[in-house]
Amino acid sequence: MELRQVEYFIAVAEERSFTRAAERTHVSQSGLSAAIRTLERELGSPLFHRTTRSVELSPAGFALLPKARAMLDLAAAGRDAVAATTTHLRGSLRLGSEQCLGVIDITELLARFHRRHPHVDIVFDQAGSTTLLERMRQGSLDVAFVAAGGAGRPTDGLRWLPLAAEPLLLLCPPDHPLSERESVRWTDLDGHGFVDLAHGWAAREINEDALAAQGVQRRVRYTVNDIHTLIDLVRRGLALALVPAPVARKTHAAGLPALPLAEAADRPWRVSAVVRTTDQVVSAFLRALPEPLEPRDPVFSAGAPG
């Protein structure tokens with residue numbers, strides 16, 4: 001069994017498509033399919049149920065998947081051990097982050113780490129926290145910067161390193177009736193039209209959980225995938241928005257009122273670095289994080305939030 005075959009098998013299992021797996025692994029679809037067939041012959045069992053519409057793991061495939069991921073992790077650890085005997089740190093770092101976290105400057109962090117370790121291959125992806133955590137569980141990311149509401153939830157053996165907790169604020173147009181207030185309550189938002197990020201972004205999930213807990217009905221008229229469009233829609237008087245404090249701080253120059261919510265402390269927006277394994281590359285990257293790596297409020301506990 002070759003590592004290349006194992007990598008292709010994992011890609012097909014996670015993508016549930018030979019076409020997408022081939023794109024992900026940068027190999028032709030025919031070459032990937034041939035490698036999988038060879039692996040199945042070597043193991044003496046089909047690893048996938050294939051139809052014209054779907055590709056699903058067989059019982060043998062389900063049994064192999066965790067072992068296959070462990071094999072790639074072990075191979076990476078072996079490469080790290082060899083790299084440790086040389087002058088330069090070598091390896092790869094697969095990193096993901098939700099946008100506009102505000103706690104860390106991702107681009108500055110990546111640039112600083114690259115200067116220190118130029119032989120580490122960095123792959124970066126930006127997505128919503130829900131997507132990033134799923135990729136962490138699948139083993140396709142090494143580190144992810146995510147946000148979550150409340151105290152968060154334990155996640156399949158992942159290690160959570162809390163970075164900060166921030167309140168939610170209400171953004172509204174300067175001429176909106178609520179803009180004259182010093183603060184608002186959740187019930188003041190009942191019936192107003194909103195712009196919000198798509199499902200999968202942490203802020204959307206936190207907003208909906210908080211409003212549902214208060215029995216508040218809101219109309220999400222606009223769903224966007226970037227903060228700049230969200231801010232512009234508010235600035236043009238088309239909607240209100242509930243955003244974490246770091247995002248609200250970015251809107252100060254736009255002249256938008258950012259009003260505190262009286263009950264916001266009960267539903268904070270929490271930022272964490274989530275780690276799957278701590279090989280030498282990941283450990284070096286974590287050491288590059290801003291110090292101290294401590295929460296800003298006492299609700300956080302060590303390890304996975306719970």
Side-chain angles (χ1 to χ4, degrees), residues 97-105 126-130 145-152 162-272 295-300 305:
S97 178
E98 182 160 315
Q99 65 168 296
C100 294
L101 292 176
V103 177
I104 53 175
D105 185 333
Q126 191 176 73
S129 289
T130 300
F145 294 104
V146 301
L163 296 175
E166 299 275 6
L168 293 173
L169 299 175
L170 177 70
L171 289 186
C172 58
D175 58 351
H176 194 277
L178 292 177
S179 66
E180 300 298 324
R181 300 194 183 184
E182 293 185 0
S183 66
V184 294
R185 304 186 67 84
W186 292 112
T187 51
D188 295 329
L189 309 181
D190 206 355
H192 286 287
F194 278 79
V195 55
D196 209 336
L197 295 169
H199 288 285
W201 295 96
R204 176 67 176 263
E205 312 305 330
I206 296 168
N207 290 342
E208 294 196 343
D209 288 348
L211 292 165
Q214 298 292 329
V216 175
Q217 298 293 322
R218 70 164 181 166
R219 293 172 293 168
V220 178
R221 292 175 170 169
Y222 307 94
T223 298
V224 299
N225 277 309
D226 71 280
I227 295 297
H228 302 292
T229 303
L230 179 147
I231 292 171
D232 202 36
L233 287 168
V234 176
R235 183 176 62 82
R236 294 178 183 275
L238 296 174
L240 305 178
L242 283 168
V243 299
V247 174
R249 287 193 288 269
K250 292 179 179 294
T251 70
H252 181 69
L256 296 178
L259 308 178
L261 288 151
E263 309 96 335
D266 298 331
R267 298 279 173 174
W269 183 77
R270 300 173 184 272
V271 179
S272 299
R296 294 185 186 176
D297 70 357
V299 180
F300 283 115

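Not measured: the values here are computed from a predicted model. What you see below is based on every heavy atom in this structure, not just the backbone, and it leaves out hydrogens, waters and symmetry mates.
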Residue list, side chain to side chain donor-acceptor pair (under 3.5 Å) with R219, at least two apart or on another chain: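 Checked R219 against side chain to side chain donor-acceptor pair (under 3.5 Å); zero matches.
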So, do [X] and [Y] sit near enough that their side-chain heavy atoms are less than 4.5 Å apart?
{"X": "L240", "Y": "R218", "answer": "no"}
{"X": "L168", "Y": "P260", "answer": "no"}
{"X": "C172", "Y": "L256", "answer": "no"}

L197 and its side chain to side chain contact (heavy atoms under 4.5 Å, CB included) partner, picked from N225, V243, I227: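 Result for side chain to side chain contact (heavy atoms under 4.5 Å, CB included) with L197: I227.
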L242: which of L169, D196, L171, L211 passes side chain to side chain contact (heavy atoms under 4.5 Å, CB included):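 Exactly one pass, corresponding to L211.
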Salt-bridge contact D232-R235 (side-chain N to carboxylate O under 4.0 Å):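 Yes, this pair counts.
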What are the two closest non-hydrogen atoms of [X] and [Y], and how far apart are they?
{"X": "G128", "Y": "W201", "result": "CA-CE3, 3.6 Å"}
{"X": "P173", "Y": "V234", "result": "CG-O, 3.3 Å"}
{"X": "S272", "Y": "P162", "result": "OG-CA, 3.7 Å"}
{"X": "A147", "Y": "A202", "result": "O-CB, 3.2 Å"}

With sequence neighbours excluded, residues passing salt bridge (charged side-chain N to carboxylate O under 4.0 Å, His left out) with R221: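 Once residues adjacent in sequence are excluded, R221 has no partner under the salt bridge (charged side-chain N to carboxylate O under 4.0 Å, His left out) criterion.
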Those residues that, when tested against E208, pass salt bridge (charged side-chain N to carboxylate O under 4.0 Å, His left out) (two or more places apart):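 Expected list: R204.
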Would a distance-only check, ignoring hydrogens and angles, find a side-chain to backbone donor-acceptor pair under 3.5 Å from [X] to [Y]?
{"X": "S179", "Y": "H176", "value": "yes"}
{"X": "D190", "Y": "T187", "value": "no"}
{"X": "E98", "Y": "S129", "value": "yes"}

Derivation of the side chain to side chain contact (heavy atoms under 4.5 Å, CB included) call for D226 and Q99: CA-CA 8 Å; D226 71 280; Q99 65 168 296; 4.3 Å; yes
Distance, nearest 0.5 Å, that separates [atom1] of [X] from [atom2] of [Y]:
{"X": "Q214", "Y": "D209", "atom1": "CD", "atom2": "CG", "answer": "12.0 Å"}
{"X": "L233", "Y": "F194", "atom1": "CG", "atom2": "CZ", "answer": "13.5 Å"}
{"X": "E205", "Y": "H199", "atom1": "CD", "atom2": "NE2", "answer": "6.5 Å"}

Q217, CD: over 12 other non-hydrogen atoms inside 6.0 angstrom: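 Counting neighbours around CD of Q217, 12 or fewer heavy atoms of other residues, nucleotides or ligands fall under 6.0 Å, so no.
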Derivation of the side chain to side chain contact (heavy atoms under 4.5 Å, CB included) call for D188 and L261: CA-CA 10 Å; D188 295 329; L261 288 151; over 6 Å; no
